[in-house]
Amino acid sequence: MLPTRYYPNTRLRRLRGNAGWRDLVAENTLTPRDLILPLFLRADDDAAEIASLPGVMRHKISDLPKIIDAVASAQIKAVMLFPKTPDGLKTDDGAEALNENNLVGQAIKKIKSHNKDILVITDVALDPYTRHGHDGLIKNGAVVNDETVDVLTAQALLLARLGADAVAPSDMMDGRIGAIRKKLEAEKFHNTIIISYAAKYASCFYGPFRDAVGSGQLLQGDKKTYQMNPANSDEALQEVALDIAEGADVVMVKPALPFLDIIQRVKREFLMPTFAYQVSGEYAMLMAAADKKWLDGERAMVESLLAIKRAGADAIVCYGALQVAENIKKLGL
């Protein structure tokens with residue numbers, strides 16, 4: 001319960017009077033160590049530009065050492081990998097996800113041989129590999145759960161074998177965390193982290209990401225039968241509770257800004273490491289407004305990330321992580 005305080009004995013502006021006091025009493029801080037940088041991967045002959053994600057590029061495998069040097073220099077500790085699989089390698093069953101020499105497999109090896117200290121987080125889902133753009137297998141017009149979990153489990157095991165520090169199932173199939181944890185334990189990958197997209201909503205804010213991995217134009221229908229209804233909050237706690245019980249080490253909420261209440265509820269209820277994903281649509285909106293000079297882009301990006309931290313996120317996946325790390329210094333945060 002808050003103590004009873006009255007003006008003028010209490011003047012809250014006293015502690016806002018200069019930068020020193022503001023810093024000393026700041027309740028939350030944002031540092032580069034709070035950020036995870038997503039990296040999009042491409043084949044050598046594919047396009048680097050992503051029109052709907054200004055300032056974000058797809059990277060060739062040979063370019064990764066330079067990017068990782070920049071990440072390390074910025075004191076960012078982790079990257080998350082997403083491939084733009086060539087269309088000719090996409091199939092209905094997403095078989096390329098199980099190819100150890102696919103783009104993600106090549107990237108893990110390249111990064112770890114260059115800098116073993118940068119944490120490599122790998123997506124576990126089939127949408128970058130399927131012709132229909134869904135995160136799972138389709139039978140009789142529906143995304144099937146258990147058959148998809150079998151493939152995702154094999155994908156997660158392969159990624160662990162290749163050297164990923166963490167696997168991050170983003171598919172929202174029921175039971176996949178338990179199946180993946182059981183397989184990793186059986187194969188002696190006791191220390192592979194599982195970062196579960198535990199509360200991932202069927203959001204309209206994913207459009208630029210789907211452009212980046214080449215699934216947007218392919219997607220048949222929507223993902224509402226497996227991603228969560230944006231109207232629901234209690235259901236998110238059920239999803240998180242199940243994933244923790246099944247063996248998740250970290251839980252993730254996605255998107256971030258439209259779901260700050262979910263981040264706060266998850267952190268308070270479970271006291272688990274809780275990550276948030278500032279998704280492509282959130283990033284693109286801020287960048288578009290900054291381009292039009294409607295917002296101070298640097299400050300707006302930092303303020304939005306501070307809001308996510310304030311809600312309870314321990315770390316944030318952010319497309320602008322490298323720029324934000326620079327801006328934190330520039331803005332004196």
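The side-chain hydrogen bond (donor to acceptor under 3.5 Å, both in side chains) pairs that include a residue from residues 97-106 are Glu96-Asn99, where partners are two or more places apart or lie in different chains. Counting only residues at least two apart or in different chains, side-chain hydrogen bond (donor to acceptor under 3.5 Å, both in side chains) contacts with residues 260-274 comprise Ser233-Arg265, Asp234-Arg265, Lys267-Asp314. Evaluation of the side-chain hydrogen bond (donor to acceptor under 3.5 Å, both in side chains) test over residues 285-303, restricted to residues two or more places apart or in two chains, returns Glu298-Lys330.
With sequence neighbours left out, the side-chain hydrogen bond (donor to acceptor under 3.5 Å, both in side chains) criterion links Lys109 to no other residue. Judged as a side-chain hydrogen bond (donor to acceptor under 3.5 Å, both in side chains), and not counting sequence neighbours, Thr153 has no contacts. Taking Asp93 as the reference, Thr91 meet the side-chain hydrogen bond (donor to acceptor under 3.5 Å, both in side chains) condition, with sequence neighbours excluded. Judged as a side-chain hydrogen bond (donor to acceptor under 3.5 Å, both in side chains), and not counting sequence neighbours, Thr4 has no contacts.
At distances below 3.5 Å, not a single donor-acceptor pair connects side-chain atoms of Lys309 with backbone N or O atoms of Ala313. At distances below 3.5 Å, at least one donor-acceptor pair connects side-chain atoms of Asp34 with backbone N or O atoms of Thr31. A donor-acceptor pair under 3.5 Å is formed between the side chain of Tyr226 and the backbone N or O of Asp135. Judged by distance alone, with hydrogens and angles left aside, the side-chain atoms of Lys112 form a donor-acceptor pair with the main-chain N or O of Ile118 at under 3.5 Å. Between the Asp165 side chain and the Ile121 main chain, no donor and acceptor come within less than 3.5 Å of each other. Looking only at distances, a side-chain donor or acceptor of Arg58 sits under 3.5 Å from a matching main-chain atom of Ala212. A distance-only check finds a donor-acceptor pair linking the side chain of Lys90 to the backbone of Gly214 [under 3.5 Å]. When atom types are taken as modelled, the side chain of Arg22 and the backbone of Arg16 share a donor-acceptor pair closer than 3.5 angstrom.
One hydrophobic cluster, built from ILVMFWY side chains closer than 4.5 Å, cannot hold both Phe40 and Met57; they sit in different ones. Hydrophobic clustering (side-chain heavy atoms under 4.5 Å, transitive across Ile, Leu, Val, Met, Phe, Trp, Tyr) keeps Val149 apart from Leu242. A continuous path of ILVMFWY side-chain contacts below 4.5 Å connects Leu306 to Ile36, so both sit in one hydrophobic cluster. In the hydrophobic clustering of this structure, Phe275 groups with Phe270; members are Ile, Leu, Val, Met, Phe, Trp, Tyr whose side-chain heavy atoms approach within less than 4.5 Å, directly or through other members. Note on Leu53: it does not cluster hydrophobically with Leu218, by side-chain heavy-atom contacts below 4.5 Å among ILVMFWY residues.
In this structure, Gln323 and Tyr319 approach most closely via the heavy-atom pair OE1-O, 4.3 Å. Annotation for Ser203 and Gln227: closest pair N-OE1, 4.3 Å, computed over non-hydrogen atoms. Across every non-hydrogen atom of Pro169 and Ile180, the tightest pair is CG-CD1, 3.7 Å. Shown here for Phe189 and Ala160, the closest heavy-atom pair between the two residues is CE2-O, 3.6 Å. Taking both residues in full, the closest heavy atoms of Ala276 and Ile263 are given as CB-CD1, 3.7 Å, listed atom of the first, atom of the second, then distance. Scanning all heavy atoms of the two residues, the minimum distance from Ala321 to Leu35 falls at O-CD1, 3.8 Å.
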(request) Take Asp249 and Arg181 through the salt bridge (Lys or Arg N to Asp or Glu O under 4.0 Å) test and state the conclusion after the steps. (result) CA-CA 10 Å; Asp249 301 289; Arg181 177 56 74 203; 2.5 Å; yes
(message) Run Val324 and Leu30 through side-chain contact (heavy atoms from CB on, under 4.5 Å) and show every step you take.
(response) CA-CA 10 Å; Val324 170; Leu30 180 70; 4.2 Å; yes
(request) Please step through side-chain contact (heavy atoms from CB on, under 4.5 Å) for the pair Lys60 and Arg42, ending with a clear verdict. (result) CA-CA 5 Å; Lys60 296 189 294 186; Arg42 67 181 175 99; 3.4 Å; yes
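Under the 4.5 angstrom side-chain criterion for Ile, Leu, Val, Met, Phe, Trp and Tyr, the cluster partners of Val25 are Leu15, Trp21, Leu24. Counting side-chain heavy-atom gaps under 4.5 Å among Ile, Leu, Val, Met, Phe, Trp and Tyr, Leu271 is found in no cluster with other residues.
Distance check: Lys254 NZ to Ile262 CD1 gives 16.0 Å after rounding to the nearest 0.5 Å. The NZ atom of Lys110 sits 13.0 Å away from the CG atom of Leu103 when rounded to the nearest 0.5 Å. Arg176 contributes atom CZ, which lies 12.0 Å from atom CD of Gln155 (distance to the nearest 0.5 angstrom). Annotation: the span from Leu305 atom CG to Asn327 atom CG amounts to 10.0 Å, rounded to 0.5 Å. Put simply, OH on Tyr277 and OG on Ser170 are 8.5 Å apart, with the number rounded to the nearest 0.5 Å. Here the CG-CG distance, from Leu152 to Leu98, works out to 9.5 Å after rounding to the nearest 0.5 Å.
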List the atom pairs, donor and acceptor, that lie under 3.5 Å between side-chain atoms in residues 279-287 and the rest of the protein, sequence neighbours left out.
{"from": "Ser280", "atom 1": "OG", "to": "Phe205", "atom 2": "O", "distance (Å)": "3.4"}
{"from": "Ser280", "atom 1": "OG", "to": "Phe209", "atom 2": "N", "distance (Å)": "2.9"}
{"from": "Glu282", "atom 1": "OE1", "to": "Leu257", "atom 2": "N", "distance (Å)": "3.0"}
{"from": "Glu282", "atom 1": "OE2", "to": "Ala256", "atom 2": "N", "distance (Å)": "3.0"}
{"from": "Glu282", "atom 1": "OE2", "to": "Val279", "atom 2": "N", "distance (Å)": "3.0"}
{"from": "Tyr283", "atom 1": "OH", "to": "Pro54", "atom 2": "O", "distance (Å)": "2.7"}

Validation: residues 61-87 side-chain donor-acceptor distances under 3.5 Å, sequence neighbours left out:
{"from": "Asp69", "atom 1": "OD1", "to": "His114", "atom 2": "NE2", "distance (Å)": "2.7"}
{"from": "Lys84", "atom 1": "NZ", "to": "Asp46", "atom 2": "OD2", "distance (Å)": "3.1"}
{"from": "Thr85", "atom 1": "OG1", "to": "Pro128", "atom 2": "O", "distance (Å)": "3.0"}

Mind listing the side-chain donor-acceptor pairs of residues 137-145 below 3.5 Å, one per line with the distance, residues two or more places apart or on another chain?
{"from": "Asn145", "atom 1": "OD1", "to": "Asp174", "atom 2": "N", "distance (Å)": "2.8"}
{"from": "Asn145", "atom 1": "ND2", "to": "Asp174", "atom 2": "O", "distance (Å)": "2.9"}

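Around the CZ atom of Arg310, the shell of radius 6.0 Å holds no more than 12 heavy atoms that belong to other residues, nucleotides or ligands. Within a 6.0 Å radius of CG in Asn18, other residues, nucleotides and ligands contribute more than 12 heavy atoms.
A side-chain donor from one of Asp211 and Ser52 sits under 3.5 Å from a side-chain acceptor of the other.
The shortest side-chain heavy-atom distance between Glu235 and Met228 falls under the 4.5 Å cut-off. Contact check for Leu12 versus Arg5: side-chain heavy atoms found under the 4.5 Å cut-off. Counting heavy atoms from C-beta outward, Met272 and Val250 have side chains that stay 4.5 Å or more apart. By the 4.5 Å heavy-atom criterion applied to side chains, Glu187 and Arg161 are counted as neighbours. Annotation: side chain of Asp150 is not in contact with side chain of Asp146 (no heavy-atom distance under 4.5 Å).
Salt bridge annotation for Lys200-Asp171: absent, with no cationic side-chain nitrogen under 4.0 angstrom from a carboxylate oxygen.
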